[in-house]
2 protein chains.
Amino acid sequence: MTDEDGASTLEPLDLDECRRLLRESTVGRVAVAVHDFPLIVPVNYRFVETSGPTWVVLRTRAGSLLEQAPMPAAFEIDAIDAQHHSAWSVLVRGTLHRIDPESADLAEHFDPEPWADGERDVWMAIEPFFITGRRLPGGTPSWAFQPEAYL
Amino acid sequence: MTDEDGASTLEPLDLDECRRLLRESTVGRVAVAVHDFPLIVPVNYRFVETSGPTWVVLRTRAGSLLEQAPMPAAFEIDAIDAQHHSAWSVLVRGTLHRIDPESADLAEHFDPEPWADGERDVWMAIEPFFITGRRLPGGTPSWAFQPEAYL
């Protein structure tokens, strides 16, 4: 449903839907503030839900900015459809901290397997205090309102 | 070129390439810190290069978190190919501040045209002090190394 400008209304995603989307994706973006200035870095990740922690797990290089944890962090995944002006996004906010990959069988079952090479053997996790999501339903592309154009 | 794990090496994008990608995209993500905790919000934007300012321009609602500018911000665009494990991303860091849409013919020529409805008539811009980009070239999908599987 779109208005005359093709804009639609943002709708909240419920927590179950956010968790499902987090489980199904493997690439997201981490934001942290360095000297009070935010930056955003794409990362490979795994969403880990165990009987113990719920974590967004990622791997980085020794000495990377992210390794200066613990620190507040945001993590975001999304999908964008420019044709229909539709999108969804999930935002996780929490504390980024270093973890032991041997704990909770992480290395065996939840390796984020970075696409970028190099020794990314520092394992980090964001422990969420906040998970939320939104969907923009978009609409039918405007040309579809003009079937006569194809007759 | 990928190693045995299918990982490839991150390569820097030069400034011209970053600017070209910023001009061609219309959806990105803004990160700001609120009470020291970062958050990430997808936004429609336009990259404005005039004889005067270079700006990432966006529109938001009156009273939104972003309106509490000026404040430090990061802005990111990317494209991700999960099949080839390839990706690129561009990161802009700067100060987010409120702007007058009537200045520099912004409203006429550089309207970010938000996909989300509602009165998004507060115009904001990030004035970059830093633009950088990276590309992960990825590789041929692993099945392509096994042509005999299709004989």
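Naming convention: chains lettered A, B, ... in sequence-line order (proteins, then strands); numbering from 1 in each chain.
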Q.
Please find the pair of heavy atoms, one from A/Ala116 and one from B/Ala7, that lie closest to each other, and give the distance.
A. C-CB, 4.0 Å

Q | Side chain / backbone / both / neither for B/Arg120 at chain A, heavy atoms under 4.5 Å | A | side chain

**Q.** CG on B/Asn44 to CG on A/Leu136, rounded to 0.5 Å
**A.** 8.0 Å

Q. For the candidates B/Pro38, B/Ala87, B/Ala74, which exhibits the highest count of non-hydrogen atom pairs separated by less than 4.5 Å from chain A?
A. B/Pro38

Q | Contacting moiety of A/Ser86, where chain B heavy atoms sit under 4.5 Å | A | backbone

Q: With a 4.5 Å cut-off on heavy-atom pairs, point out which of B/Ser89, B/Pro42, B/Ala33 contacts chain A the most.
A: B/Pro42

Q.
For chain B, which candidate among A/Asp36, A/Thr26, A/Ile40 shows the most heavy-atom pairs at distances under 4.5 Å?
A. A/Ile40

Q) Do B/Leu22 and B/Trp88 share a hydrophobic cluster (ILVMFWY, side-chain heavy atoms under 4.5 Å, transitive)? A) yes

Q. Quick one: CZ on A/Arg29 to CZ on B/Arg29, what's the gap to the nearest 0.5 Å?
A. 3.5 Å

Q) Taking the side chain from A/Arg93 and the backbone from B/Leu39, do they hold a donor-acceptor pair closer than 3.5 Å? A) no

**Q.** ILVMFWY cluster, A/Phe75 and A/Phe130 together (side-chain gap under 4.5 Å)
**A.** no

Q | Interface moiety of B/Ala73 toward chain A, non-hydrogen atoms closer than 4.5 Å | A | backbone

(Q) Just so I know, are the side chains of B/Ile80 and A/Trp115 near enough to count as touching, which here means a heavy-atom distance under 4.5 Å? (A) yes

Q | chain B contact via A/Val92 - which portion, at a heavy-atom distance below 4.5 Å | A | neither

Q. If you count the non-hydrogen atoms of other residues, nucleotides and ligands that lie under 6.0 Å from CD in B/Glu119, is the total more than 12?
A. no

Q) Relative to chain A, which segment of B/Asp78 carries a heavy atom at a distance below 4.5 Å: side chain, backbone, both, or neither? A) side chain

**Q.** Pairwise distance CD(A/Glu76) to CD(B/Glu76) - rounded to 0.5 angstrom
**A.** 8.5 Å

Q. Measuring heavy-atom distances to chain A, does B/Val32 have an atom under 4.5 Å in its side chain, in its backbone, in both, or in neither?
A. backbone

Q. Of the backbone (N, CA, C, O) and the side chain (C-beta and beyond), which part of A/Leu91 lies under 4.5 Å from a heavy atom of chain B, both, or neither?
A. side chain

Q. Is there a chain of hydrophobic side chains (I, L, V, M, F, W, Y, each step under 4.5 Å between heavy atoms) that links A/Leu66 to A/Val122?
A. yes

Q) Would B/Tyr45 and B/Ile131 show up in the same hydrophobic cluster when neighbours are defined by side-chain heavy atoms closer than 4.5 Å? A) yes

Q. So which part of A/Arg134 gets closer than 4.5 Å to some heavy atom of chain B, the side chain, the backbone, both or neither?
A. side chain

Q: Assign the ring pair A/Phe129 / B/Phe37 to parallel, tilted or perpendicular, where the plane angle (0 to 90°) is split at 30° and 60°.
A: perpendicular

(Q) Please tell me whether A/Leu13 and A/Phe47 are part of a single hydrophobic cluster in this structure, the criterion being side-chain heavy atoms less than 4.5 Å apart. (A) yes

